[in-house]
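Start at 1 and go down the list; that is how both ligands and their atoms are numbered.
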Amino acid sequence: MDQRRREFVKAAAAASAGVALAQSLPAATKAAPMKILILGGTAFLGPQIVEAAQARGHVLTLFNRGKTNPGLFPDIEKLHGDRNGDLKSLEGRKWDAVVDTSGYVPRLVSLSATLLAPNVKQYVFISSISVFAQDIKPGTAEDGALATMPDETSEELPKNYGPLKALSEKAATKAMSGRAWNVRPGLIVGPGDKTDRYTYWPVRVAKGGEVLAPGDGDDPVQYVDVRDLAAFIILGIEGNLTGAYNATGPAKTLTMKAFLEGVQKGTGGNAKLTWVSADFLEKKEVAPWMDMPVWVPRRDGGVGMTQLNCAKAIAAGLNFRPVSSTAKDTLAWFKTLPEDRRGKLAAGITADKEKELLAAWHAEKKG
Ligand SMILES: NC(=O)c1ccc[n+]([C@@H]2O[C@H](COP(=O)([O-])OP(=O)(O)OC[C@H]3O[C@@H](n4cnc5c(N)ncnc54)[C@H](OP(=O)(O)O)[C@@H]3O)[C@@H](O)[C@H]2O)c1
């Protein structure tokens with residue numbers, strides 16, 4: 001076993017035993033500094049990978065078009081280009097690993113992986129749990145059935161997001177002759193997430209009062225804090241992981257009730273949860289996931305997607321901070337946003353809609 005692998009196994013064992021990653025790796029056991037290229041790096045997950053890598057002493061290069069947050073990380077080397085046809089600035093350079101956070105179609109993943117294959121040891125492709133077929137069963141591991149599409153040459157997004165990520169995994173693996181690590185996150189949440197597909201809850205719960213909570217409280221939910229995912233990605237680079245890894249959490253089943261209670265613990269406030277049935281919400285055309293973020297009712301066949309088996313990633317060191325910490329930090333980040341942005345959440349329901357639904361729910365219960 002080489003030194004890199006030995007250090008990784010030690011760190012992963014400590015991390016999966018519940019020790020926070022940063023604490024589990026004393027400076028003396030830090031991996032030797034590595035050169036890491038990120039294809040992207042400046043939106044949401046990318047910056048957290050940068051921070052996690054820097055905390056471990058690694059040296060970074062970012063490749064992007066220079067459009068998204070161009071002023072970020074002034075001290076890091078930036079290479080400009082476009083995945084869609086201009087990869088010149090990557091030619092003739094060597095890195096230990098490349099992390100592809102911006103690959104969505106196999107044609108472009110293949111272009112970059114083919115170009116980089118002779119010059120990088122590992123290609124980390126950030127995939128998604130959306131690679132799985134919709135009807136997978138609870139407990140599905142990495143070998144579950146994958147989503148497909150009739151015309152594999154179509155690059156239609158977001159319609160074919162899942163199948164295209166599945167084909168992109170294949171493309172990376174092929175171009176790298178097996179040296180690709182396909183990381184499949186579930187919903188990525190935390191500070192910096194612009195989609196509000198999780199942030200709705202800390203914001204709403206902190207506001208207090210009667211909160212419409214979807215379902216009966218027993219529906220399982222899964223997500224991963226962007227910082228925990230980033231730490232895992234760096235750990236997997238140090239350990240030179242390959243193959244597919246489901247990367248969502250937490251480690252044990254988290255119900256919607258336990259989730260919202262954890263959020264309340266992190267955000268404080270006097271919120272009182274009123275659980276409103278999935279049938280009622282369906283009748284009122286309140287959509288799981290986008291109107292009621294994070295939530296997928298058990299009866300919608302969404303169970304598999306919210307109960308994926310992540311044991312392989314957990315054994316390799318994927319660690320999860322408490323529900324309350326993610327909620328607390330996300331709320332603190334949200335409060336730093338401009339007022340007009342804070343007034344318009346990109347997911348969830350408005351205060352007026354919530355009031356109307358709660359009134360109708362109480363009236364139905366009385367009647
Ligand atoms: N959010 C979730 O819940 C979730 C769940 C599962 C999986 N994922 C996956 O996680 C990843 C998240 O990525 P992120 O957006 O947060 O990553 P990021 O690395 O923070 O940001 C995306 C980067 O890609 C660059 N980029 C975009 N188009 C480009 C092009 N044509 N050529 C070169 N660079 C380009 C952008 O910079 P420029 O604009 O300056 O080029 C930006 O730096 C995605 O792969 C997504 O599919 C997300």
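Considering backbone and side-chain atoms alike, Ile188 places an N or O below 3.5 Å from some N or O of ligand 1. Of the N or O atoms in Lys67, one or more lie within a sub-3.5 Å distance of an N or O in ligand 1. Annotation: Gly103 places no N or O atom under 3.5 Å from an N or O atom of ligand 1; distance criterion only. For Asp82, a nitrogen or oxygen atom sits less than 3.5 Å from a nitrogen or oxygen atom of ligand 1, counting backbone and side chain alike. Among the atoms of Leu187, none of the N or O lies under 3.5 angstrom from an N or O of ligand 1. Looking at Gly41 next to ligand 1, an N or O pair under 3.5 Å apart turns up.
Closest protein heavy atom to atom 39 (O) of ligand 1: Thr68 OG1, 2.5 Å.
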Using the rule given for side chain to side chain donor-acceptor pair (under 3.5 Å), can you reason through Gln222 versus Thr306, listing the C-alpha separation, both sets of side-chain angles and the distance that settles it, and then say yes or no? CA-CA 5 Å; Gln222 283 187 319; Thr306 56; 6.0 Å; no
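Within the 3.5 Å criterion, the main-chain N or O of Gly236 finds a donor-acceptor partner in the side chain of Gln122. Under the 3.5 Å distance criterion, the side-chain polar atoms of Thr68 are left unmatched by any main-chain donor or acceptor of Ala43. Although no hydrogens or angles enter the test, the distance criterion places no donor-acceptor pair under 3.5 Å between the side chain of Lys257 and the main chain of Asp219.
At least one heavy atom of Tyr161 sits less than 4.0 Å from an atom of ligand 1. The closest approach between a heavy atom of Ser127 and any atom of ligand 1 is below 4.0 Å.
For ligand 1 and Pro47, the ligand atoms under 4.0 Å from any heavy atom of the residue are 20 (O).
In this structure, Arg184 satisfies the cation-pi test against Phe132, with its NZ or CZ atom closer than 6.0 Å to the six-membered ring centre and inside 45 degrees of the ring normal. Taking the centre and axis of the six-membered ring of Phe63, the NZ or CZ atom of Lys78 falls outside the cone set by 45° and 6.0 Å.
Residue contacts with ligand 1 for Ser130 are absent, since no atom lies close enough (heavy atoms, distance under 4.0 Å). Contact annotation for Lys165 and ligand 1: only side-chain heavy atoms (C-beta onward) come within less than 4.0 Å of the ligand.
The number of heavy-atom neighbours closer than 6.0 Å to NZ of Lys312, taken from other residues, nucleotides and ligands shown, is above 12.
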